[in-house]
Amino acid sequence: MREIVRAVLQEEGVSEAEISLAFVDNAAIHQLNKRYLGHDEPTDVLSFPMSDPGSKRLTGELVIGAEVAQIEAKSRGHDVQAELALYVIHGLLHLCGYDDKSGAEAQKMRERERQYLRLLGLPDISPND
């Protein structure tokens with residue numbers, strides 16, 4: 001996962017960063033998703049930026065739903081490590097300023113996810129929205 005973080009941040013032009021990754025179960029990510037986003041369900045990844053926009057050093061935390069990854073990987077027929085990699089990429093893109101609220105933004109984000117999956121030699125498992 002460290003290599004994924006390094007590769008994505010390097011490609012995004014981030015030279016200084018401190019990123020924390022927390023892999024949690026469904027109960028923990030459900031609680032955080034409800035508390036911070038008002039969504040009463042588990043989710044794949046939550047991104048918590050900790051640096052100011054435009055700051056020289058990118059600081060943030062990714063909370064990754066490990067159980068969600070296991071369930072999704074099994075249902076979609078691929079390796080759980082690839083699913084976790086996708087969540088890390090997705091979360092990092094949020095920390096780098098990407099958003100997926102609108103259709104155009106989501107499409108741009110999915111394209112970047114696919115680019116990074118290819119760069120890292122991973123299968124294209126990014127969802128087709």
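Since we're looking at a predicted model, the values are computed, not measured. The residues of the chain are indexed from 1 along the displayed sequence. As a basis for the values below, the full set of heavy atoms in this structure was taken, side chains included, without hydrogen atoms, waters or symmetry mates.
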Engineer: Between the side chains of D100 and H90, is a donor N or O closer than 3.5 angstrom to an acceptor N or O?
Structural biologist: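 Per modelled atom types, D100 and H90 side chains form a pair under 3.5 Å.
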
Engineer: Checking S102 side chain against E105 main chain: does a donor-acceptor pair fall under 3.5 Å?
Structural biologist: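 Such a contact is found between S102 side chain and E105 backbone.
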
Engineer: Salt-bridge test for E11 and R112: reply yes if a basic N is under 4.0 Å from a carboxylate O, no otherwise.
Structural biologist: no

Engineer: Looking at R110 and E113, is there a salt bridge between them, counting it only when a charged N and a carboxylate O are closer than 4.0 Å?
Structural biologist: yes

Engineer: Can you establish whether the number of heavy atoms outside Q31 located under 6.0 Å from its atom CD is more than 12?
Structural biologist: no

Engineer: Looking only at heavy atoms, what is the nearest atom pair of A82 and P123, with distance?
Structural biologist: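 So the two residues come closest at CB-CG, 4.2 Å.
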
Engineer: Search all heavy atoms of G65 against all heavy atoms of Y87 and return the closest pair with its distance.
Structural biologist: O-CE1, 3.9 Å

Engineer: Is there a path of hydrophobic side-chain contacts, each under 4.5 Å between heavy atoms of I/L/V/M/F/W/Y residues, joining F48 to V24?
Structural biologist: yes

Engineer: Hey, could you give me the CD1/CG distance between I125 and L86, rounded to the nearest 0.5 Å?
Structural biologist: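 Taking CD1 in I125 and CG in L86, the distance rounds to 4.5 Å.
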
Engineer: Hey, could you give me the CG/CD distance between D25 and Q70, rounded to the nearest 0.5 Å?
Structural biologist: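 D25 atom CG to Q70 atom CD measures 10.0 Å (nearest 0.5 Å).
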
Engineer: For residues M50 and L95: do they belong to one hydrophobic cluster (side chain heavy atoms under 4.5 Å, members Ile, Leu, Val, Met, Phe, Trp, Tyr)?
Structural biologist: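 Looking at the clustering, L95 is in a separate group from M50.
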
Engineer: For Y98 and E12, test the side chains for any donor-to-acceptor distance below 3.5 angstrom and give the result as yes or no.
Structural biologist: yes

Engineer: Can you tell if the side chain of R76 reaches within under 4.5 Å of the side chain of E83, non-hydrogen atoms only?
Structural biologist: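 Side chain of R76 against side chain of E83, heavy atoms only: contact under 4.5 Å found.
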
Engineer: Donor-acceptor pair, distance only, cut-off 3.5 Å: does the side chain of N26 make one with the backbone of A28?
Structural biologist: no

Engineer: Could you tell me which non-hydrogen atom of C96 sits nearest to which non-hydrogen atom of V14, and how far apart they are?
Structural biologist: SG-CG2, 4.2 Å

Engineer: Under a 3.5 Å cutoff, is there a donor and acceptor pairing between the side chains of R118 and Q115?
Structural biologist: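 Side-chain D/A pair, R118 to Q115: absent.
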
Engineer: Between V88 and V45, does the side-chain contact (heavy atoms from CB on, under 4.5 Å) criterion hold? Intermediate values first, please.
Structural biologist: CA-CA 8 Å; V88 170; V45 60; over 6 Å; no

Engineer: What is the distance from atom OG of S15 to atom NZ of K56, rounded to the nearest 0.5 Å?
Structural biologist: 7.0 Å

Engineer: Under 3.5 Å, side chain of R114 to main-chain N/O of S126, donor-acceptor pair present?
Structural biologist: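 Judged by distance alone, yes, a pair lies under 3.5 Å.
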
Engineer: Could you tell me which non-hydrogen atom of I89 sits nearest to which non-hydrogen atom of V8, and how far apart they are?
Structural biologist: CG1-CG2, 4.1 Å

Engineer: Is the closest basic N to carboxylate O distance between K34 and E41 below 4.0 Å?
Structural biologist: no

Engineer: Kindly indicate, with the supporting measurements, whether the criterion side-chain contact (heavy atoms from CB on, under 4.5 Å) is fulfilled by H30 and H39.
Structural biologist: CA-CA 8 Å; H30 184 163; H39 302 149; over 6 Å; no

Engineer: Of all the heavy-atom pairs spanning T43 and V68, show the shortest one and how long it is.
Structural biologist: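 Taking T43 first and V68 second, the nearest heavy atoms are O-CG2, 3.4 Å.
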
Engineer: Are I64 and L9 linked, directly or through intermediate hydrophobic residues, by side-chain heavy-atom contacts shorter than 4.5 Å (ILVMFWY only)?
Structural biologist: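 The answer is yes; both residues are in one hydrophobic cluster.
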
Engineer: Could you go through the side-chain contact (heavy atoms from CB on, under 4.5 Å) check for L21 and E61 one step at a time?
Structural biologist: CA-CA 6 Å; L21 303 179; E61 182 173 9; over 6 Å; no

Engineer: Measure from the side-chain N and O atoms of Q10 to the backbone N and O of A7, and report whether any donor-acceptor pair falls under 3.5 Å.
Structural biologist: no

Engineer: Between L46 and Y36, is a side-chain contact (heavy atoms from CB on, under 4.5 Å) present by the stated rule, with each step listed?
Structural biologist: CA-CA 9 Å; L46 295 170; Y36 291 103; 5.7 Å; no

Engineer: Taking L62 as the starting point, is it possible to reach L122 by hopping between hydrophobic residues whose side chains are less than 4.5 Å apart?
Structural biologist: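 In one cluster: yes.
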
Engineer: Do you know the tightest heavy-atom contact between I29 and D44?
Structural biologist: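 Looking at all heavy atoms of both residues, the closest pair is CD1-O, 3.9 Å.
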
Engineer: Would you call M109 and H94 a side-chain contact if the rule is heavy atoms closer than 4.5 Å?
Structural biologist: yes

Engineer: May I ask you to test the L84-F23 pair for a side-chain heavy-atom distance under 4.5 Å?
Structural biologist: yes

Engineer: Calculate, to the nearest 0.5 Å, the distance between atoms NE2 and CG belonging to H78 and D124 respectively.
Structural biologist: 10.5 Å

Engineer: Flag yes if I19 and I4 sit in one hydrophobic cluster, no otherwise; membership is Ile, Leu, Val, Met, Phe, Trp, Tyr, and two members link when side-chain heavy atoms are under 4.5 Å apart.
Structural biologist: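 Yes, I19 connects to I4 through the hydrophobic network.
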
